[in-house]
Every structure is written in C-alpha cells, then in structure tokens.
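For reference, the structure is listed below as structure tokens.
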Amino acid sequence: MRSSTPSARPAFTLIELLVCIGIVATLLGLLLPAIQRVRESASRLRCTNNLKQAGLAFHQHHADHGCFPSNGGWDGAQTILATDGTRARVYTWDDVIAYPYYWGIGQPGLAARAQTGCWAYALLPYVEQQAIYRDQAWAEAVALYYCPSRRSPLSLPAVNDAHALYQGGGWKWGKTDYAANSRLVPGRPTCLRISDVVDGTSTTLLLGEKAMSPTGYNTGSWFWDEPYFTGGSDSTSRKGSLVLKDSKGLDQELAFRENWGAAHVSGANMLFADGSVRPVRFDTPSAVVASLLTPDGGEVVPNFD
C-alpha cells in the first residue's frame, strides 16, 4: 500500500493580502471620481433638456396667448381648501420683518394676465401635464422642474424653520429648481412679448437654475423655495446678478436670495429667450449677468462662454 502526503494548499500571507487590499482601494479611488463625473455629465444633460422643453413650452404659450406667462401673484382674496376642511391663504410669514407674503395659486382657465400661479403652473398644459393643471394637483412633483444634480422629484408638506413660517394648508407641494428672469417674466398682470426683447433673444435670459443651499433641498422649507404652483414669489422669478455654486451655509450668507446657481461643477444652465440653453459660469462678472437679464437695456453683452 502506497502512502501519500497531502500537498500544502497555497494561501495568501498577511502581507500579500494587505497589498491586494491596497491595490483594490487604489483602483476604487481612481474609478469612483470617473463614475461621479459620468453621472454628473448625464445629470447636467438632463437638466439642459428640462430647460429646452420649458423653452418650447414658453414659446407655445406665446403662440396661443400672444405673450409669455407672468410670474403670477395673489389676487387679494384667493384661498384654498386645507386638508382639515377649512379655507386657508397660502403664505410665507417672514420672522425678521414680521410680515406675511401671500402667494397666488394656479387656477385653470384664467387668461394669461389674470393667472395667479407662476409661469411653471401656466406651462403645465404645454409639458404634457394637463391633468395637474386642470385638477390643481399641487402635490404632484413634476420631474421636468427638478435638476437631477440637485434633488429628485419629491413633494413635501411645508415645514417651518428658523427663517419663516409657512402655510400650505397641510398639503404636500412640488417644487422647482428653475426660476424665470423677473424682468422678462414679471408678476401679474404684466405679460411681456417676444417683441419686448429688443436687446436680442439670444442674449436675454428667460429661465435658469436658481441658487440654493443643499441644506434646503428636501426639508419641506419654503425659504426662497416656494412651490411651483405659487405665484408672485422670488423663488420662481429672480433678478439677482450672481451665479453661485450650491454650498452648505449659503442660506446663512443670504447670498443665494434672488440669485442664480446650481449643483453642477462649473456653472448654471440657462435658457435664453431664443430657446437655446447654455451654461453661465460661476465666475461670470455680475455686470455681465445683469446685462443678460434686461430685455431692453441696450447693453453690449460680451462673450460669457
């Protein structure tokens, strides 16, 4: 009978295992930034497409009504049915000045100059959201109005914070990451036409990404982020001349109020009155941004790409 000695099974030594772990960690460190860049590129492209669709909707609204929509506004009497069955006004109570800002709410069937909701509500029939427009379904989050680099479409009830109190009738509300140029999309009852853009439609902003702090993305706060159904708010129509990168603490600096910004790497996507979408860099001089906002200022706009 022949005996056999079992061969020794090969195995990693501790040093070899640590080397392998180090190699894997290095590869992951190289791969993850590349994956993040690809994801951001895809999100930026989706954001660009959102603005292009909104641009088509603006021009279709102009073709039907003879003007762009306004940013809406409260009519002095409007209320909504709250979840508890009572009638409620929709407002933001500013704690600093102890003053309420009442917001209009989009109503179907109103003429363009009478519309109490902002441009985002007025455009719903032109972005295949007729049911939301007709049923006043403000709890529905419209994906087109969200930049995927910033947050997912999500509706939340109004949540009070250190800045203000918010009355939303107990309902959930959808938001928008985009704001109109208040000089081209002012509050009701003023609605401007393409013929009012005498500076040139290719150098006049119509809609763009608004500045935000990441701390306010999905908290339910309305602080300079009122819902897309509301009218008359600086959340949906802005006039600032800064383009800012989303960063924590931006809300404390108050720099984001009325200004433009994004979660992208180098700049914010902007829709121009001619329907084109182009990025405007974070380091764009304030004077250049200001000239892009005026439809009839007569400025010569330098190259800002």
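The structure displayed is predicted, hence computed values, not measured ones.
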Quiz item: Taking all atoms of both residues into account, what is the closest heavy-atom pair of Gly298 and Asp199, and its distance?
Solution: N-OD1, 2.9 Å

Quiz item: Would a 4.5 Å heavy-atom cut-off, applied to side chains only, mark Met270 and Arg278 as touching?
Solution: no

Quiz item: Hey, is CD on Glu128 packed in by over 12 heavy atoms from elsewhere, all under 6.0 Å?
Solution: no

Quiz prompt | Taking every non-hydrogen atom, the tightest pair across His59 and Gly275 | solution = NE2-N, 4.1 Å

Practice problem: Check whether any side-chain heavy atom of Leu56 sits under 4.5 Å from a side-chain heavy atom of Lys52, and report yes or no. | Solution: no

Quiz prompt | Under 3.5 Å: donor-acceptor pair, side chain of Gln167, backbone of Gly169 | solution = yes

Quiz item: Is there a donor-acceptor pair under 3.5 Å between the side chain of Thr86 and the backbone N or O of Ala82?
Solution: no

Exercise. Step by step, work out the salt bridge (Lys or Arg N to Asp or Glu O under 4.0 Å) result for Glu258 and Lys239.
Key: CA-CA 6 Å; Glu258 299 186 354; Lys239 56 181 177 288; 3.2 Å; yes

Quiz item: Is the closest side-chain donor-acceptor distance between Ser213 and Thr215 under 3.5 Å?
Solution: yes

Quiz item: Are Val90 and Trp93 connected in the hydrophobic side-chain network, where two residues link if heavy atoms are under 4.5 Å apart?
Solution: no

Quiz item: Ser202 versus Asp274: any side-chain heavy-atom pair under 4.5 Å?
Solution: yes

Quiz item: Shared ILVMFWY cluster between Phe223 and Tyr99, side chains joined below 4.5 angstrom?
Solution: yes

Quiz item: So, for Tyr178 and Tyr145, is the gap between ring centers shorter than 6.0 Å?
Solution: no

Quiz item: Shortest non-hydrogen contact from Asp177 to Cys147?
Solution: OD2-N, 2.8 Å

Self-check item: Joint hydrophobic cluster, Leu271 plus Leu124, side-chain heavy atoms closer than 4.5 Å
Solution: yes

Practice problem: State the CG-CZ distance between Asp196 and Arg183, to the nearest 0.5 angstrom. | Solution: 15.0 Å

Quiz item: If you group Ile, Leu, Val, Met, Phe, Trp and Tyr by side-chain heavy-atom gaps below 4.5 Å, do Ile105 and Tyr101 land in one group?
Solution: yes

Exercise. Would you check if there is a donor-acceptor pair between the side chains of Trp103 and Thr92 at a distance under 3.5 Å?
Key: yes

Exercise. Examine Tyr102 together with Tyr91 and report whether their ring centres are nearer than 6.0 Å.
Key: yes

Quiz item: Strictly by modelled atom types, are Thr116 and Asp75 linked by a side-chain donor-acceptor pair under 3.5 Å?
Solution: no

Quiz item: Does one side chain, of Asn50 or Tyr146, offer a donor that lies under 3.5 Å from an acceptor on the other?
Solution: no

Quiz item: If you round to the nearest 0.5 Å, how far is NZ of Lys175 from CE of Met212?
Solution: 6.5 Å

Quiz prompt | Close side-chain approach of Leu242 and Val289, heavy atoms under 4.5 Å | solution = no

Practice problem: Could you tell me whether a side-chain N or O of Asn259 sits under 3.5 Å from a main-chain N or O of Ser241, the two making a donor and an acceptor? | Solution: yes

Quiz prompt | Among Cys67, Pro69, Pro186, Ser70, side chain to side chain contact (heavy atoms under 4.5 Å, CB included) partner for Leu192 | solution = Pro186

Practice problem: With the side chain counted from C-beta on, respond yes when Phe272 and Val277 share a heavy-atom pair under 4.5 Å apart, and no when they do not. | Solution: no

Practice problem: Decide side chain to side chain contact (heavy atoms under 4.5 Å, CB included) for Arg238 and Ser182; before the verdict, give the C-alpha distance in whole Å, the side-chain angles of both, and the deciding distance to 0.1 Å. | Solution: CA-CA 5 Å; Arg238 295 195 169 187; Ser182 66; over 6 Å; no

Practice problem: Without swapping roles, check the side chain of Thr204 against the backbone of Thr201 for a donor-acceptor pair under 3.5 Å. | Solution: no

Self-check item: Side-chain heavy atoms of Val185 within contact of Leu206, under 4.5 Å
Solution: yes

Practice problem: Check Ala179 against Ser237 and note the closest heavy-atom contact, atom names and distance. | Solution: CB-N, 4.0 Å

Quiz item: Can any side-chain N or O of Thr236 pair as donor or acceptor with the backbone N or O of Pro227 at less than 3.5 Å?
Solution: no

Quiz item: Counting distance only, does the side-chain N/O of Glu209 pair as donor-acceptor with the main-chain N or O of Gly261 below 3.5 Å?
Solution: no

Practice problem: I would like to know whether Trp260 and Leu293 meet side chain to side chain contact (heavy atoms under 4.5 Å, CB included); could you show each step before the answer? | Solution: CA-CA 11 Å; Trp260 313 90; Leu293 295 175; 3.8 Å; yes

Quiz item: Do Glu299 and Ser291 have side-chain atoms, one donor and one acceptor, less than 3.5 Å apart?
Solution: no

Exercise. Evaluate the criterion side chain to side chain contact (heavy atoms under 4.5 Å, CB included) for residue pair Ile194 and Phe68; output intermediate values, then yes/no.
Key: CA-CA 8 Å; Ile194 292 178; Phe68 289 132; 3.6 Å; yes

Quiz prompt | Side-chain donor-acceptor contact under 3.5 Å, Glu140 with Ser155 | solution = no

Practice problem: Would you check if there is a donor-acceptor pair between the side chains of Tyr217 and Asp246 at a distance under 3.5 Å? | Solution: yes

Quiz item: Any side-chain heavy-atom pair from Leu156 and Lys172 closer than 4.5 angstrom?
Solution: no

Quiz prompt | Expected output: side-chain Arg87 to main-chain Thr79 donor-acceptor under 3.5 Å | solution = yes

Quiz item: When you measure from the side chain of Asn181 to the backbone N and O of Leu205, does any donor-acceptor pair fall under 3.5 Å?
Solution: yes

Quiz item: Is there a path from Leu110 to Trp138 through hydrophobic residues (I, L, V, M, F, W, Y) whose side chains come within less than 4.5 Å of each other?
Solution: no

Quiz prompt | Nearest-0.5 Å distance, CH2 of residue Trp171 to CG of residue Leu81 | solution = 6.5 Å

Exercise. Please report the closest heavy-atom contact between Leu207 and Ala54, naming both atoms and the distance.
Key: CD2-CB, 3.7 Å

Quiz prompt | Trace of the ring pair (Phe, Tyr, Trp, His ring centres under 6.0 Å) decision for Tyr121 with Tyr228 | solution = CA-CA 7 Å; Tyr121 173 78; Tyr228 74 89; 8.1 Å; no

Quiz item: Is Asp161 close to Ser221 at the side-chain level, that is, under 4.5 Å between some pair of heavy atoms?
Solution: yes

Quiz item: Distance from Ser235 atom OG to Lys210 atom NZ, nearest 0.5 Å?
Solution: 5.0 Å

Quiz prompt | Pair Arg113-Arg188, side chain to side chain contact (heavy atoms under 4.5 Å, CB included): steps then yes or no | solution = CA-CA 6 Å; Arg113 290 173 175 78; Arg188 68 186 292 272; over 6 Å; no

Quiz prompt | Spacing of Asp283 atom CG and Lys245 atom NZ [to the nearest 0.5 Å] | solution = 13.0 Å

Quiz item: To the nearest 0.5 Å, what is the distance between CZ (Arg193) and CG (Leu184)?
Solution: 11.5 Å

Quiz prompt | Arg257/Asp234 salt bridge by N-O under 4.0 Å criterion | solution = no

Quiz item: Is Trp74 reaching over with its side chain to a backbone N or O of Gln78, donor-acceptor style, under 3.5 angstrom?
Solution: yes

Quiz item: Quick check: are there more than 12 heavy atoms from other residues, nucleotides or ligands sitting under 6.0 Å from CZ of Arg46?
Solution: no

Quiz prompt | Minimum-distance pair of heavy atoms, taken over all atoms of Gln115 and Gly106 | solution = OE1-CA, 3.4 Å

